[in-house]
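Throughout, a chain's letter reflects where its sequence line sits, starting with A, and its residues are numbered from 1.
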Amino acid sequence: MSQFSMSGGGLDARWRWRLASHGIGLLVLLPLGAGVVGVVLPAFGYLPALGAREPGLAVFAALLAEPGFWRSVRVSAVSGLGATALSVALTALILAAAHGTPALRVAERLLAPILSVPHAAAALGFVFLFAPSGFLLRLVSPWPSGLHAPPDLALLNDPNGLALMAALTIKETPFLFLMALAALGQVRAGERTALARTLGYGPMAGFLLGVWPLVYRQLRLPILAVLAFSVSVVDMALILGPTRPPTLSVRILTWLHSPDIEGWLLGSAGAVAMIALVAALIGLWLALEALAAPAFARLRTSGRRGAGDGPLRAAILVLALLGVLALLVGFAGLVTQSFAGYWPFPDTLPRAFSAAAWRDHLAMAAHVLGQTLALALGAMALSLPLAVVLLEAARRGAGVWWLVYAPLILPQVAFLFGLDVLAIAAGITPGLGAVTLAHTLFALPYALIALSGPWQALDPRYEAVAASLGAGPLRCLLAVRLPLLARPLAIAAALAVAVSVGLYLPTQMIGGGRVVTVTTEAVAAASAGDRRLIGLFATLQLLLPVLAFSLARGGPPLVRRLRRVHP
Amino acid sequence: MSLVFDAYRVHLGGRPLARLDGTVAPGTVLSVMGPSGAGKSSLLLGIAGLLPPPFTVSGRVTLGGRDLLALPTRERGLGLMFQDALLFPHLSVLGNVLFAVPRRGPDGARRSRRARRDLALAALRRVALADLARRDPETLSGGQKSRVALARTLAGEPRALLLDEPFSALDQTLRAATRDIVFDLARQDGLPVVMVSHDPADARAAKGPIIDIAALPSAPERLI
């Protein structure tokens, strides 16, 4: 960091920044810690509010004795680990194939909207495409498949969680891709690949051997976040996961929602088991990384040039394109579904269209939309200023950067319930306020991720000039830095909105069922199997982030243009 | 093997940017001088086949009779050195050089890992850095880094060298020493060299033909 960034900061100021950033860190860690304590105590048999006062391992014994417990653990582990490994591999391959071609530009533009799609909506789009009665089978029925009724196949909700794994991969690859793109700028990828190419390497081999290892180093935390999320995901597992038995995360939720104290205790023990599972899988991932390192190192100096990679590059880009296309068709299908009248199996399109679903549910949808927006705007309004303070503190060497990932790496299902218990014990009524705070916890890390690159990239001399003209630190921030970073700030705001709209479990658990959003309603409609309602809420789920990103893209330039017209 | 430029031009969006004509004999250095923005680097990247659109190239660049511009970058056999050493931080010094050693010898026979390792060490010996083979490149001094970069370039068994402001990140004394090593080794290997630089001292030390890109529009005929 250059000396300019220290402008206007004495020792006093430095301590103030440190205090602020550590304070925010504490605000993030406190609920997480409290949430963990809130499940660990009942897991070991201590829940005095409900009369359980004998600490011991009895609850865990009961948990292990639950039928199919280990199967649930296995499905969670395999689908989560598999989705993570596939996403990492796909990110590396697509990036290697697209790097240095116009395809990367296209990918960059498509990324934000794809990324902002809520998990539940992606899962519902997946159902629309791949269900036995889904769009793809309709396309090939009755000819050439010969089917006149949906086949009796477990294409979704398969006992091994493969459908869940596939959908998770589709959803997590864009996230890792975005993170990798941010890292690319810092490792001089273009020059290194060029160098490898003059030495005879094919473009993909040059990238994978010479650049990817550097990108991977910076991708570690995001990968662990993907792993933790995939293993413990609830909404996607409810829609796509196996049912007998379901994944560990879904079972934990079921136990916690049961009305008796046994369920609460079991669920708490399950949450502790989930934390242990995620920790074990993170350990496994790091161990595999260490094991694979010598093999990769040998490959890097083996001199293999991978020269004829043209067909492979083309194949990978086509595959990526098909993935994006599948998502888009899935979403178009969900919107169609909300307007569909009678739509029997082999028909590719509905026989009739009607706005009945929208008309019948308009009042309810408006209420749900209002709550969703209130939460999203609240989380955005809270997380952005916090992110700015953290970034400014980090610029002055008082960063608590790693803390940011804590809410992403700790399994949601593990700490949210404990948090809820403690909130009730503390007399906080579940409602919009509490849920907004919970959403802020998850919106903040994403806002920081979106802002950190541009924040570091801004030439510090702008503020140096302002400071030399007599502007104090606050004025430098408000009058120079923030306006210059209006675009990234707007994108970060949109991302915060998108994250909040997509959150299922925090809304469900902290809201105690009283707070409903388009996402909780979409998942509820999915379990009820009402296709029109699924289509309706999925459409709203897709609409809000797209709207947010359009505003973010169009807003700042519009303001600038207006200023040019009226100086 | 000579490097021959025959009406070689770089265009930016159809507009001619810079051109080069003439022959660079084995072991000699052609210095391309000019202010920044004149298209010097584009000229080099175009020879290597690394210019992204909207840049285009035309004419012929032949090396030992083969037209380079028709070949993909990896088959042109050019050693490219940038201003920064660009050593791979995830590989050791030896690993960096090994990265460049081809898998097959000039006779087309597969080289053993041991043979490639020996070649890499030999390349490091040429720049007097064999004893640092196991080091992490981050622990080297600036001068050492550029020598490792040179060893890596030569280990790739190039048929010509392209140098893009290769010494401008070094201080004056280091600069002269590094320059001498580069030119010496290129002469030993009989490699034609094209060097882009804005420092007249570089061009003088190269003792070869010098062309000034800035003079291009007024003197569009044969330049070397």
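Other residues, nucleotides and ligands contribute over 12 non-hydrogen atoms within 6.0 Å of the CZ atom of B/R103. By the neighbour-count criterion of 12 heavy atoms within 6.0 Å, atom CZ of A/R304 is sparsely surrounded, having that number or fewer from other residues, nucleotides or ligands. Within a 6.0 Å sphere centred on OH of A/Y216, heavy atoms belonging to other residues, nucleotides or ligands number more than 12.
For chain A, the nearby part of B/L87 is the backbone; its heavy atoms alone come within less than 4.5 Å. Using a 4.5 Å cut-off between heavy atoms, B/F82 touches chain A through its side chain atoms alone. Only the side chain of A/R217 has a heavy atom closer than 4.5 Å to any heavy atom of chain B. With a threshold of 4.5 angstrom between heavy atoms, B/R111 does not approach chain A through any atom at all. Both the backbone and the side chain of B/P89 come within contact range of chain A, judged by heavy atoms closer than 4.5 Å. Of the atoms belonging to B/R76, not a single heavy atom falls under 4.5 Å from chain A.
Across B/A155, B/G95, B/P102, B/G156, the residue that shares the most heavy-atom pairs under 4.5 angstrom with chain A is B/P102. Among the candidates B/L86, B/D84, B/L91, B/L45, the residue making the largest number of heavy-atom pairs closer than 4.5 Å to chain A is B/L86. Chain A forms more heavy-atom pairs under 4.5 Å with one residue of B/R104, B/R152, B/E75 than with any other, namely B/R152. Here B/L98 is the residue among B/L98, B/N96, B/T153, B/L162 with the most heavy-atom pairs under 4.5 Å with chain A.
One distance of note links OG1 of B/T73 with CG of A/L199; it measures 11.5 Å at 0.5 Å rounding.
Here the shortest heavy-atom pairing between B/F99 and A/R300 reads CD1-O, 3.4 Å. Of all the heavy atoms in B/H90 and A/L214, the pair that sits closest is ND1-CD2, 3.6 Å.
The side-chain contact (heavy atoms from CB on, under 4.5 Å) test with B/F88 singles out one residue from A/T301, A/L209, A/L195, and that residue is A/L195.
Under a 3.5 Å cut-off, the side chain of B/R116 and the backbone N or O of A/S302 do form a donor-acceptor pair.
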* Stepwise side chain to side chain contact (heavy atoms under 4.5 Å, CB included) check, A/T198 with B/L50 -> CA-CA 9 Å; A/T198 61; B/L50 291 168; 3.9 Å; yes

